[in-house]
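As structure tokens, the structure follows; a few thoughts come after it.
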There are 2 protein chains.
Amino acid sequence: MISLKQIHYALAVEKYLHFKNAADHCSVSQSALSTAINELEKQLGVAIFERDNKKVLVTELGKSILQQARKIKLDVDELQMLATMHKQPLSMPMSIGVIPTIAPYLLPKVLPGVRRAYPESQLKIVEDKSNVLVDMVRRGELDTAILALPFPHEGLIAFEFWQEDFYWITHKDDALAKRSQIRSDEMDVSHLLLLKDGHCLKEHALAACHLPESQNDSNFSATSLTTLVQMVAGKLGSTLVPEMALDALVNNSSELSAVHLDEPGPHRTLAFLIRPNYVGTANIESLIKQIQTQLKH
Amino acid sequence: MISLKQIHYALAVEKYLHFKNAADHCSVSQSALSTAINELEKQLGVAIFERDNKKVLVTELGKSILQQARKIKLDVDELQMLATMHKQPLSMPMSIGVIPTIAPYLLPKVLPGVRRAYPESQLKIVEDKSNVLVDMVRRGELDTAILALPFPHEGLIAFEFWQEDFYWITHKDDALAKRSQIRSDEMDVSHLLLLKDGHCLKEHALAACHLPESQNDSNFSATSLTTLVQMVAGKLGSTLVPEMALDALVNNSSELSAVHLDEPGPHRTLAFLIRPNYVGTANIESLIKQIQTQLKH
DNA sequence: TTGATTAATAAAATTAATTAATTAGAATTT
DNA sequence: AAATTCTAATTAATTAATTTTATTAATCAA
């Protein structure tokens, strides 16, 4: 049976094209490495390297074999990472994409707790729109992305971890501002201010209100919730924001009032997306536990 | 460093959930297997199996680890297969998809030779339309597919191995039947009989003639070249067939005449399609060599 | 209790791996 | 032409590991 050691040595020889240097790199004697390579070639019954007393080169078949060997080594590394991450969640560097309608409200609430619980953690945060993040996860440029569902994510796996409702934000002077609940058919939809196309929050807000996209006035649109509520404060209309944004955007304002949107079902669902074969699911689960603890105060 | 032996043993324990049976299956003593598993768990620092004197079960983490272990084992098997196939091409079972406008003309010319050169070979042939075959290759249901390019095949790799021209088939009584060459603008395109939509030969034939698809009379269409030439023999029109089909369809007919289509460039290109990580490229290369020898007579 | 199982363990035997020194072939230098 | 310097392969002694066989301890069933 071929061994991982043989594979390891063969990859070293490929890298250095020199038995002694490869042996040094592997911290073994040239003899040990030599016999391991010979044994590997004997077991496979083919030549991987062509060597004489002056030079070493890789056979055509050897290239394919070493390619496959590299794949095996990666898989073994992943297996070991699985175990490591189970022992020490978040001990590995991790890149996380977050959409702009979640990042500024979720991260300040959650990151300090994560820092405290996992001082070793090295999180790299990327903020971008849902479709960009999904593509980056697919391409392996991100380990995971936090976004709001529903959003198409074929080929990826979603770990849903939070559900929240929308609140209708209007000026305190508005006749309906004192209500505790409001239905979408009671609002003045013609002055509903929402984010630009491409931000999923717009679609989710409209979907929560059972409104078609076309009905929205696209003359007024912004790229951040902060801008939107400024516009509401300026009596240009009303808007809808998710619950987790209330603290930052509305609660300290003397101009604004938040009314719970009374429509059935949770209005948006937050989830981590990962590739099906991502080995860090233990990390995701740890993060979710942290986030849920923090969000529940 | 963890070893493939440990992985092998762990997978056996997962399968039997019983150390002794797993050991028997691996042809080692229970003790040897036990220590290997213990060592593996120690090296990883986590428990894969939960065991007492009466039962063995897999931990939650163990399931992930064994899943990864299976992947490693598959990769190792593939590496060994790479070597084996280099030593004895086509010694592995192989499934090949072929489109209907290639299969009946190419296979009889080629398979006997393959049988002779590689008596060990076990080829499974599937005949279907290009799009079906491409999907099957993508899903791994076929090792490879032989079809005519151009045809969309994103994500797959094409090994082009043959180029051929079209011949215009008409009744011997036709005024142009004696010509040795004909250009598409000299034909009566209104009675050009072609295959049904979905067969790539139709598109390739039209493309070779620089004709748009709409120009073709869709009232007359067939699902096989055999039917088409029967229609031509019945003086219902003319058709275009690739060179390799001439022998079977035209050459022994007293009714039909074949005229070389005089349009620039090769009219269709035959190719093997494989997944980028298919390990049997050596097989493909052997087959191509065989096919090219046979086709050149 | 007794007998049949189980996985783990201990000690002996076997097998494999490692090191250090050597060999042999080829290129380069003297 | 001879000596030197590379190279990978080989050899032999040592060390480490693995495996086997036999045994132990625990559990369950009769």
Side-chain angles (χ1 to χ4, degrees), chain A residues 1-63 65-66 69 72-73 76 80, chain B residues 1-63 65-66 69 72-73 76 80:
Chain A
M1 188 192 285
I2 70 172
S3 70
L4 293 177
K5 192 175 55 178
Q6 290 168 326
I7 286 175
H8 186 220
Y9 290 175
L11 289 173
V13 172
E14 181 194 32
K15 181 173 173 187
Y16 292 99
L17 292 178
H18 189 293
F19 275 57
K20 184 59 168 59
N21 295 352
D24 289 347
H25 174 255
C26 297
S27 312
V28 293
S29 67
Q30 172 262 316
S31 158
L33 183 135
S34 240
T35 41
I37 297 286
N38 282 325
E39 183 62 21
L40 175 62
E41 292 186 321
K42 187 180 149 199
Q43 285 166 335
L44 293 179
V46 299
I48 300 173
F49 302 104
E50 208 178 300
R51 47 203 182 277
D52 58 20
N53 302 333
K54 217 59 206 177
K55 63 187 178 302
V56 175
L57 38 94
V58 182
T59 65
E60 206 51 44
L61 172 64
K63 285 176 193 165
I65 288 180
L66 290 166
I72 293 169
K73 204 164 111 68
V76 171
Q80 286 172 318
Chain B
M1 191 192 284
I2 70 171
S3 70
L4 293 177
K5 191 172 56 180
Q6 289 169 327
I7 286 174
H8 186 221
Y9 290 174
L11 289 172
V13 173
E14 181 194 32
K15 181 175 174 188
Y16 292 99
L17 293 177
H18 189 294
F19 275 57
K20 184 59 166 60
N21 294 353
D24 289 347
H25 175 256
C26 298
S27 312
V28 292
S29 68
Q30 172 261 314
S31 164
L33 182 136
S34 240
T35 41
I37 298 285
N38 282 325
E39 183 61 21
L40 175 61
E41 291 185 320
K42 186 179 148 200
Q43 285 167 335
L44 292 179
V46 298
I48 300 172
F49 302 105
E50 209 177 301
R51 46 203 183 278
D52 57 23
N53 301 333
K54 214 61 204 176
K55 62 188 181 301
V56 174
L57 38 93
V58 183
T59 65
E60 205 49 46
L61 172 64
K63 286 177 192 165
I65 289 181
L66 290 165
I72 293 169
K73 203 165 115 61
V76 172
Q80 286 171 318

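Chain letters run A, B, ... following the sequence lines, proteins first, then strands; residues in each count from 1.
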Discussion item. Using heavy-atom distances to pick each residue's nearest nucleotide on DNA chain C, tell me which of Lys5(A) and Gln30(A) is more 5'.
Written reply: Lys5(A)
Expressed in angstrom and rounded to an integer, what is the separation of [X] atom [atom1] from [N] atom [atom2]?
X        : N       : atom1 : atom2 : value
Gln6(A)  : dA16(C) : CD    : C1'   : 12 Å
Lys42(A) : dT10(D) : NZ    : P     : 11 Å
Asn21(A) : dC6(D)  : CG    : P     : 12 Å
Leu40(A) : dA16(C) : CG    : C1'   : 16 Å
Lys55(A) : dA9(D)  : NZ    : P     : 13 Å
Glu41(B) : dA7(C)  : CD    : P     : 13 Å
Phe19(B) : dA25(D) : CZ    : P     : 20 Å
Met1(A)  : dT18(D) : CE    : C1'   : 14 Å

Discussion item. Counting the atoms with a prime plus P, OP1 and OP2 as sugar-phosphate, which does Tyr9(B) contact under 4.0 Å by heavy atoms, base, sugar-phosphate, or nothing?
Written reply: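 Sugar-phosphate, no base atom in range.
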Worksheet item: What is the nucleic acid contact for Lys20(A), judged by heavy atoms within less than 4.0 Å: base, sugar-phosphate only, or nothing?
Response: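 Sugar-phosphate only.
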Worksheet item: If you measure from CD on Gln6(A) to CG on Leu4(B), what distance do you get to the nearest 0.5 Å?
Response: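 With rounding to 0.5 Å, CD (Gln6(A)) is 9.0 Å from CG (Leu4(B)).
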Worksheet, complete the sentence: Between Gln80(A) and Leu44(B) the two heavy atoms that sit nearest each other are CG-CD2, 3.9 Å
Worksheet item: If every non-hydrogen atom of Thr59(A) is compared with every non-hydrogen atom of Ala47(A), which pair is closest and at what distance?
Response: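 Closest heavy-atom pair between Thr59(A) and Ala47(A): OG1-O, 2.9 Å.
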Item to complete: Please work out which of the three classes, parallel, tilted or perpendicular, describes the rings of Phe49(A) and Phe19(A), given edges at 30° and 60°.
Response: perpendicular
Worksheet item: Under 4.0 Å between a side-chain N or O of Arg51(B) and OP1 or OP2 of dA8(C)?
Response: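 Affirmative; the distance criterion is met.
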Worksheet entry | Below 4.0 Å: OP1/OP2 of dA9(D) and any side-chain N or O of Ser34(A) |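 The answer is yes; a side-chain N or O of Ser34(A) sits under 4.0 Å from OP1 or OP2.
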Item to complete: Looking only at side-chain atoms of Val56(B), point me to the closest of dT21(D), dT19(C), dA7(C).
Response: dA7(C)
Item to complete: Ignoring the backbone of Ser31(A), work out which of dA9(D), dT20(D), dA20(C) is nearest its side chain.
Response: dA20(C)
Discussion item. Before you tell me yes or no, could you show the steps for Ile65(A) and Val46(A) under side-chain contact (heavy atoms from CB on, under 4.5 Å), namely the whole-Å CA-CA distance, both residues' side-chain angles and the distance that decides it to 0.1 Å?
Written reply: CA-CA 10 Å; Ile65(A) 288 180; Val46(A) 299; 3.8 Å; yes
